[in-house]
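Quantities reported herein were computed from a predicted structural model and do not represent experimental measurements. The figures here come from the full heavy-atom set of this structure, side chains too, leaving out hydrogens, waters and symmetry mates. As the structure lists them, so they are numbered: ligands from 1, and atoms in each ligand from 1.
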Amino acid sequence: MTLSPPLNLNADGWLSPARHCPSPHCDDRPADEISLLVVHSISLPPGRFGGPYIDQLFLGTLNPDEDPYFAGIHQLRVSAHCLIRRTGELVQYVPFTKRAWHAGQSCFGGRERCNDFSIGIELEGTDTDEFTDEQYRQLTAVSRLLLAAYPTIIPERIVGHSDIAQGRKTDPGTGFEWGFIEQLGTKSARTKKKKNQTKK
Ligand SMILES: [Zn+2]
């Protein structure tokens, strides 16, 4: 069994190992606060996985002629800090020290403009499909590291885009299992959750 190398976070807010794809769609955070983790889902075109288009959207290079759907979105200036692809591949567009543009009009605990104080992680997927085991493994690894690096992100402050943009957004969707948060805690909680079904 091969284990993935441990994730590291450098002082500039970049993870490694990860594919770094610096996006121009970011700016300075208004305050030195990172206290919320927002989970999203995205696929481009919707329902299709594996293409280069999410990178291109976040980099501002999406070609509107490649798919009819792109005509309506190619001019958006949006980004997320990270994307976790179906394979578990981790891509980072914006360092955590900067503000990524993922939440839009949003509100958490009475506070608006969640981009100011949050980290946005996209999972490649749709609002109805299930996500892959590789994605949960990577999301768990990234979340563990972020909770350690930014102690004000507690499990209660890990939310979906649909939670902070109610009535406007539905991602990460009905296929997303929030149980991964339990795995961020103690080893005993993790063991308790593990099912031991050996069927012959
Ligand atoms: Zn979203």
Side-chain angles (χ1 to χ4, degrees), residues 15 18-19 21 23-27 29 34-62 67 69-96 98-109 111-132 134-136 138-140 142-143 146 150 153 155-181:
L15 291 170
R19 184 159 62 81
C21 250
S23 167
H25 300 166
C26 66
D27 55 8
R29 293 182 184 274
I34 301 175
S35 62
L36 186 71
L37 181 57
V38 183
V39 179
H40 301 256
S41 64
I42 187 172
S43 53
L44 288 178
R48 296 232 304 265
F49 303 144
Y53 305 117
I54 303 171
D55 287 355
Q56 293 174 1
L57 176 68
F58 291 163
L59 267 51
T61 60
L62 192 62
D67 187 278
Y69 183 78
F70 297 165
I73 61 164
H74 78 284
Q75 285 176 315
L76 294 177
R77 301 196 71 209
V78 292
S79 62
H81 290 94
C82 295
L83 167 70
I84 299 173
R85 306 211 69 152
R86 306 294 289 181
T87 57
E89 185 198 13
L90 179 62
V91 190
Q92 187 170 6
Y93 304 96
V94 175
F96 302 120
K98 295 268 188 182
R99 177 169 63 179
W101 302 342
H102 58 96
Q105 195 182 351
S106 52
C107 183
F108 177 81
R111 279 178 76 187
E112 299 197 330
R113 302 173 60 86
C114 295
N115 283 341
D116 292 358
F117 55 96
S118 70
I119 287 171
I121 296 186
E122 298 273 1
L123 301 180
E124 187 179 23
T126 71
D127 288 6
T128 49
D129 284 306
E130 293 183 353
F131 296 87
T132 68
E134 289 80 3
Q135 287 179 301
Y136 285 110
Q138 187 68 271
L139 179 62
T140 302
V142 172
S143 301
L146 292 176
Y150 307 109
I153 305 178
E156 293 74 25
R157 296 179 69 91
I158 302 177
V159 299
H161 198 188
S162 54
D163 296 318
I164 60 165
Q166 288 179 10
R168 195 173 69 80
K169 293 290 178 180
T170 52
D171 63 307
T174 52
F176 186 71
E177 292 175 27
W178 288 98
F180 88 96
I181 292 177

Where at least one partner belongs to residues 45-56, residue pairs that pass side chain to side chain donor-acceptor pair (under 3.5 Å), sequence neighbours excluded
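For residues 45-56, and leaving out neighbouring residues, the side chain to side chain donor-acceptor pair (under 3.5 Å) pairs sorted by first residue read R19-D55, Y53-E66, D55-Y93.
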
Does the side chain to side chain contact (heavy atoms under 4.5 Å, CB included) test come out yes or no for I54 and F49, once each step is laid out?
CA-CA 10 Å; I54 303 171; F49 303 144; over 6 Å; no

Report, as a single number, the protein N, O or S atoms less than 2.8 Å from the Zn ion (ligand 1).
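Under the 2.8 Å cut-off, the count stands at 3.
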
Is there a donor-acceptor pair under 3.5 Å between the side chain of Q135 and the backbone N or O of I84?
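Side chain of Q135 to backbone of I84: a pair is present.
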
In Å and rounded to the nearest 0.5 Å, what is the CD1 to NZ distance from I34 to K98?
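I34 atom CD1 to K98 atom NZ measures 12.0 Å (nearest 0.5 Å).
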
Considering residues at least two apart in sequence or located in another chain, which fulfil the salt bridge (Lys or Arg N to Asp or Glu O under 4.0 Å) criterion with K169?
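Partners of K169 under the salt bridge (Lys or Arg N to Asp or Glu O under 4.0 Å) test: none.
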
Give every donor-acceptor pair under 3.5 Å between a side-chain atom in residues 155-163 and any protein atom, sequence neighbours left out.
residue, atom, partner, partner atom, Å
R157, NE, S35, O, 2.5
R157, NH2, S35, O, 3.4
R157, NH2, S35, OG, 3.1
H161, ND1, H40, ND1, 3.1
H161, ND1, D171, OD1, 3.1
H161, NE2, A103, O, 2.9
S162, OG, D171, O, 3.3
D163, OD2, G160, N, 2.7

